[in-house]
Amino acid sequence: MTAISLGMPSVPTKLAERRKSRQIQVGSVAVGGDAPVSVQSMTTTRTSDIGATLQQIAELTASGCQIVRVACPTQDDADALATIARKSQIPVIADIHFQPKYVFAAIDAGCAAVRVNPGNIKQFDDKVKEIAQAAKDAGTPIRIGVNAGSLDARLLKKYGKATPEALVESALWEASLFEEHGFRDIKISVKHNDPVVMVNAYRQLAAQSDYPLHLGVTEAGPAFQGTIKSAVAFGALLAEGIGDTIRVSLSAPPAEEIKVGIQILEALNLRQRRLEIVSCPSCGRAQVDVYKLAEEVTAGLEGMEVPLRVAVMGCVVNGPGEAREADLGVASGNGKGQIFVKGEVIKTVPESKIVETLIDEAMKIAEQMERDGVASGEPQISVAG
Ligand code: SF4
């Protein structure tokens, strides 16, 4: 049997040092400072429907969500918070608009944090002293969540629209009100649906404060558009070291947001990669159906947690090279596939056996990695044609 060399994955190269933000604690998850960038989402159920909300939180948790936010528009929702916060496996943030009384309810319910929107909480400024005191007593952080669609009327008048400057001024004004009462257990978001405005707003905010930042492109749209907008905007900021926790907003089931968020962090080496399929786009030289092969291999290895890189390539142009670089790969041609493991050809199989052979070999490598204690990190499979 061919010896398989399995080293620990090398330390990933990052694009920039993280901005030095202060650290806050959202339940069990540290946000800011040197804490890894966390991924969060928001439930779409009625919060007052405790069973449905906890079920969705369980699904989100299984998909890798680290912090979850729940809406709290009514008293029934506020009444449900204590049970949800207690039974959820991940920290629960209550999302409060319009009614300051629900901020107090969320703190009393034991939520891990409370999000307030200064643009639409009635008499918010007058309540800051009380909120700061209650949050401080309970050790509950506050997210100041400014949103272009609900910008404070005063700033909308001053700037004419939700410019980066307007979003930042709104956030820092509200933060200053809390600071007056000695409260700095804060994270901030300044969301806009235009990635260019959003990136500029976060850059300005990052330069003007040391609060941890929650990144989001608000109302990013359906899954395809929203994924691209979020990847572009988060990518630009995270590549500069800006951003401590992220929420991808999609008009799609929340677990999809988590998948996208995790992929963004993995792509930037801000999180160790798991399974990675290196597959070519195919072209007129392809000697195998690359799309089908890549899809079948991806499906066969779904859920794999170890850092395995698998190369699936359409022909001999780049196939053997990519297959050699990956942990596992196939270079296809003439109805056959050369299977590579750690750079060595271990066998040649007929095209009909490529998928099952790759999956078998991937399982063997994964088991070895688990025995060697390699955590989830940089998966690699290659198929070359
Ligand atoms: S590996 Fe071969 S089939 Fe795939 S894109 Fe490159 S040249 Fe085309």
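One-based numbering, in listed order, for ligands and for the atoms of each.
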Original post:
Name the one of Arg247, Arg115, Lys191 that satisfies side-chain hydrogen bond (donor to acceptor under 3.5 Å, both in side chains) with His214?
Top reply: Lys191

Original post:
With sequence neighbours excluded, what pairs up with Ala94 under the side-chain contact (heavy atoms from CB on, under 4.5 Å) test?
Top reply: Leu81, Ile96, Ala106, Cys111

Original post:
Can you tell me if an N/O/S atom from Cys280 lies under 2.8 Å from atom 8 (Fe) of ligand 1?
Top reply: no

With heavy-atom distances below 4.0 Å as the criterion, list the atoms of ligand 1 near [X].
{"X": "Arg285", "result": "7 (S)"}
{"X": "Gly314", "result": "1 (S), 3 (S), 4 (Fe)"}
{"X": "Ala286", "result": "3 (S)"}

Subject >> Shortest non-hydrogen separation from Tyr211 to Ile188 and the atoms involved >> reply: CD1-CD1, 3.6 Å

Original post:
Going by atom types alone, do Thr74 and Asp77 pair a side-chain donor with an acceptor below 3.5 Å?
Top reply: yes

